[in-house]
Structures are given as structure tokens and as C-alpha cells.
There are 2 protein chains.
Amino acid sequence: MAKRMPPAQLATLLRDAITRLNRRVRQTRPVGDLTGTQLSALTSLELAGALTPRELADTERVQPPTMTKIVAKLEERGLVQRTPHPTDGRQVILSTTDTGRAMLAQFDRARNEWLAGRLAELTPEDRDALQRAAEILQKVARD
Amino acid sequence: MAKRMPPAQLATLLRDAITRLNRRVRQTRPVGDLTGTQLSALTSLELAGALTPRELADTERVQPPTMTKIVAKLEERGLVQRTPHPTDGRQVILSTTDTGRAMLAQFDRARNEWLAGRLAELTPEDRDALQRAAEILQKVARD
DNA sequence: TCACGATCGTTAGCCTAACTAATAAGCCAG
DNA sequence: CTGGCTTATTAGTTAGGCTAACGATCGTGA
């Protein structure tokens, strides 16, 4: 590994790596015609059980209008359903449908084909390093 | 660190981490009103000295029409210039202008403020792990 | 030599995904 | 019971990707 570098330089390196990896992953994306954003939202919703659009937007770190659009697409496909909030007439409760859960299960298999393939070519030590890094990055991205 | 996981699961973890980090970085971006994509292209061009649009597109791993748009925005701002190719009438040569270089120099200072700040809060060991991971990811993202 | 296929850059058109601003509906406190 | 806050949506903009198609140019093979 190269010499230890100051945080600003590491930030540049990280952003560059992440940008490029994102582009590569995007290029190989048309799996099941759900976009990464939609899949991520569906997964968060499934993990949480049920959320309001606002809560889901906060979870996904997007603004409410953005989540409105994402949910609309998922609803079109019958992957999420909305039920009225029991006491607050403004809010709605989002939850995954059986179809949505089936879709998620299917993705569990087909998921990340390209990236997983590339990762499988790495040494176990490299994969360990990436795993550790992913956990650190999750922490960094959290508030 | 958690137990070692299979590549498919690691791929999921990585993509999630990267997606979230990208969103966070985007939210804190309005520094000098150049986007990450534009900055990346400008930096690549500066590093290479001079490139054709095709070469720059390949470097940035986007399709030529995408690079046309990015270059158009950079040219509007006077950050890059185009000169005719000396022998091939189809091609053009892109290079950074003095203004573009000044902009890059300014970014060298203000760059990655949020991310660098967050990274500075980590332990040196965590930063080492991220540095190693970034280098691995660069390799993975490369062809 | 010249006609035709390949290459380069651009244009046009589409999509995803994000943002802000504004609006309608509903809640609640004084 | 009214005025202000919250929730969700709509409308409109921007960035950034893609593919398809096109004109200009290059270069090669008959």
C-alpha cells in the first residue's frame, strides 16, 4: 500500500474511486428493470416493515418529492402499497406487497452479478479490506 | 469486523455504502458550482495535458455524447478550450485554459471539505483501511 | 483515383434522479 | 375556530447518463 496520506487527499482518492465504480456498476445494471434507487428504497421499506414517505425519504437521504416519485414507480409495478394512517389524515403508510417481497427475493439471487464477479476474483485479504471499508463508509455516511 | 461474507453479499454491502456516501457528498457539493462530474473531467484533462473528446470520454468511462455535454458546460465557463487537430480534420484537441487551471487550484484547497472532515475524525487505522480499499476499488473499476 | 466503409464529433431524444418552490390537505394550540 | 405547522404532492429545473442517427472526414482497396 502507498504511503499514508492526509485526509483531504484520501477524500479525493475515495471520491474518485467511488465515482468510477458507480459508473461501472450503472453500465451493467439492467437486471429485472428495477433501478438501484428503487431497489434501495424497496429494501429499506422491507427492512423497516412500514414507513411513511417522509420516514422513507429520511432513511434514503433524499427529499420528500424525490421519494414521491420513487414510490410512484414502485406502486405502479405493484411492489409497494399505501394504506391510510390510522389517526393522521395527512400521512400514508407504505409497505411492501407480496409481489415486492418476491421481487426482493429474486434480486437476492441475481443481484450485483458484475460486481460480485469482480470481487470473487480478488484475494480474500482484499475482500476483507473492502468489507471493513464498507462498514466504515456506512458509518461515515450516517449522520 | 463482522464475519467474512460471500462476494455477492459483499457486493450488496459495498453498493449500499457507496450509494449513500455519494448522496451525502452530493448534498454538500455547492462549492464553486462545478459538479463532481465536471470537476473530474477537468482534472483528467489537466493531468493528461490535452485529449480528444473520445479519449476524455474513455478516461471518464462515459459515452462520447455524454462527454460532449460535459465539455460544452466547461467550455461555456471558459475552463477548457478546443483547437483543431493538426492532421485529422475530424478530431479536436481539448485542453484546460488558464481559468480552468486556476479553478482546479482553488479546488485543491476547498476540495472535499465535508468528506475530509469526516475522515479526519476517524482513527488512523480506519483511514488506512479506506485508503487500501480505495486502491482496490480503483483496480476493480478499471477494466 | 475514387468510391465506399470506418471513425469522430455532434445532435436529438429519452430516461433517471436529484433539487427547490409552491400548493392542498390535515392537524393542533391558543 | 383560526392561524400556523407538518405531510405529501405537483410542477419545473438541472445534471448526467444512454442510444440512434447524421454529416464531415479519413483512408484503403479495387
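Below, all heavy atoms of this structure are taken into account, side chains as well, without hydrogens, waters or symmetry copies. So you know, we letter chains A, B, ... as the sequences are listed, proteins then strands, and number each from 1.
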Quiz item: Sequence neighbours excluded, which residues qualify as side-chain hydrogen bond (donor to acceptor under 3.5 Å, both in side chains) partners of B:R90?
Solution: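 By the side-chain hydrogen bond (donor to acceptor under 3.5 Å, both in side chains) rule, B:R90 matches B:D88.
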Self-check item: side-chain hydrogen bond (donor to acceptor under 3.5 Å, both in side chains) against A:E121, all qualifying residues, sequence neighbours excluded
Solution: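 By the side-chain hydrogen bond (donor to acceptor under 3.5 Å, both in side chains) rule, A:E121 matches A:R118.
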Quiz item: Which of residues 86-94 of chain B sit near DNA chain D, with a heavy atom under 4.0 Å from it?
Solution: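 The stretch gives B:T87, B:D88, B:G89, B:R90 as the residues lying under 4.0 Å from the strand, ordered by number.
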Quiz prompt | Interface with DNA chain D, restricted to residues 44-57 of chain B and to heavy atoms under 4.0 Å | solution =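 Correct list: empty, so none.
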Quiz item: Linking I/L/V/M/F/W/Y whenever their side-chain heavy atoms sit closer than 4.5 Å, directly or via other members, would B:L10 and A:L122 fall into one cluster?
Solution: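 They do share one cluster, since a chain of ILVMFWY contacts under 4.5 Å joins B:L10 to A:L122.
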Quiz item: Can A:I93 be reached from A:L74 by stepping across I, L, V, M, F, W or Y side chains whose heavy atoms are under 4.5 Å apart?
Solution: no
Quiz item: If you round to the nearest 0.5 Å, how far is CD1 of A:I136 from CG of B:L130?
Solution: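 So the gap between those two atoms works out to 4.5 Å.
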Practice problem: Report the distance from atom CZ of B:R127 to atom CE of A:M5, rounding to the nearest 0.5 Å. | Solution: 11.5 Å
Indicate whether OP1 or OP2 belonging to [N] is found under 4.0 Å from a side-chain N or O atom of [X].
| X | N | answer |
| --- | --- | --- |
| A:R61 | C:dA17 | no |
| A:T66 | C:dA17 | no |
| B:T37 | D:dG16 | yes |

Exercise. Select from B:Q38 and A:M67 the residue whose nearest nucleotide in DNA chain D is closer to the 5' end of that strand.
Key: A:M67
Quiz item: Which residue pairs pass the salt bridge (Lys or Arg N to Asp or Glu O under 4.0 Å) test when at least one of the two sits in residues 91-106 of chain A, sequence neighbours left out?
Solution: A:E46-A:R101, A:D98-A:R101
Quiz item: Residues two or more places apart in sequence or in another chain: which of them pass side chain to side chain contact (heavy atoms under 4.5 Å, CB included) with A:E75?
Solution: A:V80, A:R82
